[in-house]
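Letters A, B, ... mirror the listed sequences (proteins, then strands); counts begin at 1.
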Protein chains: 2
Amino acid sequence: MLTYSFSDLGSDSLYEYLYKCMKNDILNGTLSPGERLPSKRSFAKHLNVSTITIENAYAQLLAEGYIYSIPKKGYYTADISTEGISAASIPSPAPIQKQQEELYFADFASNQTHPDTFPFSIWAKLMREVIGEDSFALMKNSPSGGIFPLRQEIANHLKSFRGMTVSPEQIIVGAGTEYLYGLLIQLLGFHKLYAVENPGYQKISAIYRSNQVKCCHVPMDQQGICMDQLRKFGADIVHISPSHHFPTGIITPISRRYELLGWASESDSRYIIEDDYDCEFRFMGRPIPSLQSIDVMEKVIYMNTFTKTLASTIRISYMVLPHHLMEQFQQNMGFYSCTVSNFEQYTLTRFLKNGHFERHMNRMRNFYHNQRDLLLDCLKNSPLSSRITITEEDAGLHFLMHLNTSVPDELMIQYAKSKGVRIASLSQYYESYPPTKQWDAELNRQQAFLGEHTFIMNYSSIHPEHMKAAIDKLCEAIQWAENLSSS
Amino acid sequence: MLTYSFSDLGSDSLYEYLYKCMKNDILNGTLSPGERLPSKRSFAKHLNVSTITIENAYAQLLAEGYIYSIPKKGYYTADISTEGISAASIPSPAPIQKQQEELYFADFASNQTHPDTFPFSIWAKLMREVIGEDSFALMKNSPSGGIFPLRQEIANHLKSFRGMTVSPEQIIVGAGTEYLYGLLIQLLGFHKLYAVENPGYQKISAIYRSNQVKCCHVPMDQQGICMDQLRKFGADIVHISPSHHFPTGIITPISRRYELLGWASESDSRYIIEDDYDCEFRFMGRPIPSLQSIDVMEKVIYMNTFTKTLASTIRISYMVLPHHLMEQFQQNMGFYSCTVSNFEQYTLTRFLKNGHFERHMNRMRNFYHNQRDLLLDCLKNSPLSSRITITEEDAGLHFLMHLNTSVPDELMIQYAKSKGVRIASLSQYYESYPPTKQWDAELNRQQAFLGEHTFIMNYSSIHPEHMKAAIDKLCEAIQWAENLSSS
């Protein structure tokens, strides 16, 4: 446990001395953000001081914002904002930047799951059950595509939640969609031309680039990916998220979906990768039917992940291959070991089988719905209210916020960062920004705010109790940025 | 729980009826091999019959070999050998064949860990601790290379066990070495020529093939990979296991190691991938020093895995990159998410930190040592004893057994399979067999038994209590194969 010696006490009282020591450790990083502090009683016992001393020290740290408390959980070290970052260090685009341990007071760009939302006690219980009851199976090598019971449960889930008729044999389980993309490149071929959405989730094109396959960035219109542009590029494989495009939220309507299927059916080498990454988080109405469910030509590869729904740190995703591709996979790539450990495969199987997943989804949908409403409310009551326009689709973990400002996106992001606020702009999700002249015209035909000064507001990782403070900090950061850039 | 209705009882007694139902379910696969059966008491309560009924049914199934018991654990469904496989179905080479649920009475080709050897209770305890104490950290996205505390513990382990001085920042943790090979191809380049050992672990070349990179198969001599052949091929990257070559067990001596480092230093594009997959299992003397530890030119990429040491179904491996390659990785590939879930990363961290790993290694080394001795003993006392020659290096989980026979390897494997015995031959690990004429001459200069009729005897997955029966079955299978092929 955390230990401090009171031998250098000097004229301080015990609690003052402890407060100073801890504050110092928080500032110099010895106590890292999010670290749980000892309970008052055990800490008092450990340091051989009275509980009152600890209480006073914690109260002081709490008041000054060095620590925070979670009811019934305890005290935690706060994220101290990284003040004083040099204005010269322009950050690279957020979505593909180097993953460093960067700390923010408010992070509107993170997809991290909040620890309070994860069903730890159920997960722990199921893990214990798995160890107690499945120990033999736990040590038996998993087939390449994952253990059969998990694929069966995934097929059942797709049936009941997405109305998809899929056999477990078509499913491949892997450690994250990024890994599965890599497998798909090997399966579909390195010499194909892959098309991604522009704007879009940049990691996808980064993965294609890293695998040295050709990748084109196809513009979007308000129905999804532009078909004439897709044809012009001559792509073989198109990688899309028709149920809820990231980051614009566009839902591809049925007409465009049939156009896509028609395009794919024109050549044997054409396929559609359907990334259904957040279909579970539709707040109103029924989930949008998947493209895979209307594909009768075996042209759609469906992908989804438990990383969004369970926790960003649990790496379990899956894909559904058309039968003939699954055969090809078994033939040429069936030698690969499954990348997900049996412990997690069996635990997730039970989580799905016993109905926990469905209940968890319902809870999370409510949670994110409330988060969204809370964030909208905070924005409405903030000084920004008259200068922002919100675009959102009753779905997912983020919406778009257009801000009436003259500060260029890159500067705004950089200034906000130096105030401890992380935001991402829509412009960062374009392959190059501003888009070409020709595309500008198309852009102008659309809602204007799909261009500059539009920010992606992700509300998944911000604690509800901190939402107000986070928005205050954002307003402050924007104000500061505008002052700085006009001066 | 398993449920049977006694409504169709007919003239059978309750226990007979239950025995027949269960036997039927085992034969048709409804009860899968290794599945744990309910305890007698709870099963009796569930089916509303007396415990005696269950006891009698279990006793009958046990006697006939349909189930087996593990003391203090319970009853499990047995692996029923797949009798009667058509002689026409010649199996593809074992190491890269399609991963099917194939069942054997005795499997000398599997690297599966035996469930009895895994420290379930410690692992479960650490998982509970992690969930209780690290819940905040569990939900925090891991850096691309893995969580820092785990990389720190791996660095400490390499220091104390392998005498390697490695900083945690050089380590990349990933879901299995197969996955890490894929990353390495992206890092080092798709247009390089990769060299692998011939014979060698076939998955490696399968991965290169699947990634459509050029791969050459370099012959081995008794010191490891042949340098003149390596130069003749013009390879850029060489992928070797100098501490304990698979499957021959060859240890590359220091002179050849310096030759390899010298070769690598001749060009900027050359690197050595050192796969140290089973360095922990040396029974006598000190571990062989790694090539990485004598590399002063930043030319060696070191790889190792917890999959061999902990359980084949736990997918955690790591690689140590030279500093300049790590920088390149961070720059170009740092966007990748780590493929190992935080739950397992934090659990393994504690497992290493608290000394459990070292103790487990010592236990496993003893276990495999005993397994090896037991297998050698069983072979010595078998009818095969006068016809076999053993090659082994006091290390690893397998040895080579040359059998004086006239049955071609492929037929022997196929016949053995149809008798429920899985064996792999050395010839299967050659890129093509028999090797070229030129290489034949080289082979003849070596011990003759590196050629045909040499089998790889892996003793990791066979329960000590079943070893004698497994060897009896092997003898029987070989006898049968020889009779069949001479008739």
Side-chain angles (χ1 to χ4, degrees), chain A residues 34-36 76 95-101 110 112-115 118 120 123-124 127-128 131 133-144 148 175-176 178-179 182 186 190 203 206-207 210-212 311-316 330-344, chain B residues 34-36 73 76 95-101 110 112-115 118 120 123-124 127-128 131 133 135-144 148 175-176 178-179 182 186 190 203 206-207 210-212 311-316 330-344:
Chain A
E35 191 168 335
R36 190 188 187 163
Y76 298 84
I96 59 160
Q97 83 188 97
K98 184 174 152 187
Q99 288 193 2
Q100 280 176 322
E101 292 268 3
S110 166
Q112 225 162 256
T113 331
H114 201 279
F118 186 78
F120 280 111
W123 196 259
M127 275 188 163
R128 274 199 302 279
I131 287 179
E133 295 168 29
D134 298 340
S135 66
F136 197 94
L138 277 177
M139 293 296 118
K140 206 175 153 74
N141 289 347
S142 162
S144 188
F148 194 81
E178 298 170 21
Y179 169 69
Q186 293 173 47
F190 283 83
K203 260 197 192 180
I207 290 167
S210 187
N211 280 283
Q212 296 182 23
S312 53
T313 60
I314 289 188
R315 311 304 302 174
I316 314 181
Q330 289 292 7
Q331 189 91 29
N332 302 330
M333 296 167 67
F335 65 85
Y336 273 115
S337 305
C338 184
T339 43
V340 184
S341 288
N342 276 10
F343 283 89
E344 301 213 317
Chain B
E35 190 168 335
R36 190 189 187 162
K73 296 259 180 176
Y76 298 84
I96 59 161
Q97 84 187 96
K98 184 173 151 186
Q99 287 193 3
Q100 280 175 323
E101 292 270 1
S110 166
Q112 223 162 257
T113 332
H114 201 279
F118 187 78
F120 280 110
W123 196 259
M127 274 190 164
R128 275 199 303 279
I131 287 179
E133 296 168 30
S135 65
F136 199 94
L138 277 178
M139 293 295 118
K140 206 174 152 76
N141 289 348
S142 162
S144 188
F148 194 81
E178 297 170 21
Y179 169 70
Q186 293 173 47
F190 283 83
K203 262 199 192 179
I207 290 168
S210 187
N211 280 283
Q212 296 181 23
S312 53
T313 61
I314 289 188
R315 310 304 301 173
I316 314 182
Q330 289 292 7
Q331 190 89 28
N332 302 330
M333 296 168 66
F335 66 86
Y336 273 115
S337 304
C338 183
T339 42
V340 184
S341 288
N342 276 10
F343 282 88
E344 300 213 317

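- With hydrogens and angles left out, the side-chain atoms of A/S337 and B/K203 include a donor and acceptor closer than 3.5 Å.
- To the nearest 0.5 angstrom, B/E344 atom CD is 11.5 Å from A/T313 atom OG1.
- Contact between B/S341 and A/I314 at its shortest, heavy atoms only, is OG-CA, 3.4 Å.
- Annotation: maximal heavy-atom pairing with chain B below 4.5 Å, among A/F118, A/Y76, A/Y179, occurs at A/F118.
- Atom CD of residue A/E133 and atom CZ of residue B/R36 lie 7.0 Å apart, to the nearest 0.5 angstrom.
- To the nearest 0.5 Å, atom CD1 of residue A/I207 and atom OH of residue B/Y336 are 5.0 Å apart.
- Closest approach of A/S210 and B/F190 over heavy atoms only: O-CE1, 3.6 Å.
- Between chain B and the residues A/A311, A/G176, A/S312, the most heavy-atom pairs under 4.5 angstrom are made by A/S312.
- B/M139 places none of its side-chain heavy atoms less than 4.5 Å from the side chain of A/Q112.
- Closest of all the heavy-atom pairs between A/M127 and B/F343 is CE-CD2, 4.2 Å.
- The shortest non-hydrogen separation linking A/A124 to B/I131 is CB-CD1, 3.6 Å.
- Between A/T339 and B/R315, the closest heavy-atom pair is O-CB, 3.6 Å.
- Between chain B and the options A/L138, A/V340, A/D134, A/N332, the largest number of non-hydrogen pairs under 4.5 Å is found for A/L138.
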